[in-house]
Amino acid sequence: LKEDPVTTSLVSIVLARPQELVARDDDPAMLATLAPPLLSIAVGGSCLFGLVVGTFHGGWQPLFAALKMPLVLLVPVLVTLPALRVLHAGLGEPVPTQRAALAALVGMARVAVLASALAPLLWLALSLGPSYPTAFLLMCGALVAAGLPGLVTIARCLAPGARLRPLALLATLGLVGVVIAQSGWLLRPFVVTPGAPLTVLCPVSQDVFTGLLTRVMPGAAPVDAAVECAS
Amino acid sequence: LNLPGWLGAALVYGLLGLSVALLLRHQGQPTATAIGAVVAWPLLVSLLNPTKTTPTAPPRGPLADSIDAAFARTADVLALDLPDGQWLADLDAVRLSLQRVDARLALVDRILAEEADERDLGRLRAARARSADEVEGVLSGVGQLRVQVGLLALSDVSDNVPSTVFERLSALRGRARALEELSSPGDGAPAPDSAAVVRFL
């Protein structure tokens, strides 16, 4: 395979100094030039992560998980970006459209690169045959480890001024984090107990917090049959 | 149609993405960008109507005072209100390019002050000197342009800025852009489609 120097350079910049990619937001050609490789990195990296998560069950599940994982990354950012822009405008520092788009793309690409870097470790751990709860926690842990730096990148790129940074960081982590969790819940199952019947999507039921509460503390919330779909 | 809710939403999203992609392609955007818009059109829809934002001035460097002085002297020329106002925008672009180069010189100066190993710094010092000389050369050209436009104001050709002004300005802009885009000494020419990305390296 021939290495693409632009993509390789982009991956390095996305990891080491992502804010430089957003700094040239005054040039419309920059968004048009950077969007395709950044999207490719985001989709490719998250597909790889999904593929690895799906190996816990085997069969068609790696394919299903690989197809759904990019949506877990893409949908929350697309949904929350307008809200984050309104928040910044309300705080007196409006974010130009192109800066917001570049920040989102760079943040997503960073999450995907980190997730794909963690994928071999996760694969090794899942291949050791852990129990379902352990495998589920491993996936969540890897997602949090890869997701936090990406969300921090989005927050910093949206609010380059130091004045708003703590508030922007909290707002971004809170808002995007919750929407990512709920998106993952709606798009489940990803980790499926080996031998359990496969479904592409579980029926829409409850929310991520009630669902997790039901699992962690049985009896704390009414059990919905659809919650059991994930296991 | 008895589609599940999520499938209907995905269909609408995809159709909107396809519309944005077709419009982007129609506007001459690259195919890869148009394909990207099918997936993430909310992020790329702004390319349909790109707004030219005012570029912010880069941080001040060692030649900032010279640049300010040279362009302050052109203020009287700008007040002449000659036709073909595009050349004023070109002049502004030259100033912005020089300010960006100046900001990089400031960064190089910091590196030269902080690093101790003279073997590695020799090439950097030479490149810095060449860039600074080139900035001075462009500033000198700006001064000559000012004189040329001043002469025009006294002549009878003020209803049409002659091509020599544009040629000189175009040459200045080219020098300033080349200087700005110079990433490091000895770099090869970047591929045309990756030029925008390579500027960061």
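- For the options B/Ala40, B/Pro30, B/Ala32, heavy-atom pairs under 4.5 Å to chain A are most numerous at B/Ala32.
- A donor-acceptor pair under 3.5 Å is absent between the side-chain atoms of B/Ser46 and the main chain of A/Thr97, judged by distance alone.
- Most heavy-atom pairs under 4.5 Å with chain B: of the set A/Ala35, A/Ala101, A/Ala32, A/Ala100, this distinction falls to A/Ala32.
- Atom CG of A/Leu39 sits about 6.5 Å away from atom CG of B/Leu44, to the nearest 0.5 Å.
- Counting heavy atoms from C-beta on, the side chains of A/Pro36 and B/Ile35 never come closer than 4.5 Å.
- For A/Leu81, the part lying near chain B is the side chain, with the backbone staying farther off; criterion is any non-hydrogen pair under 4.5 Å.
- Atom CG in B/Leu43 sits 5.5 Å away from atom CE in A/Met108 (nearest 0.5 Å).
- The shortest distance between side-chain heavy atoms of B/Tyr13 and A/Val75 does not fall below 4.5 Å.
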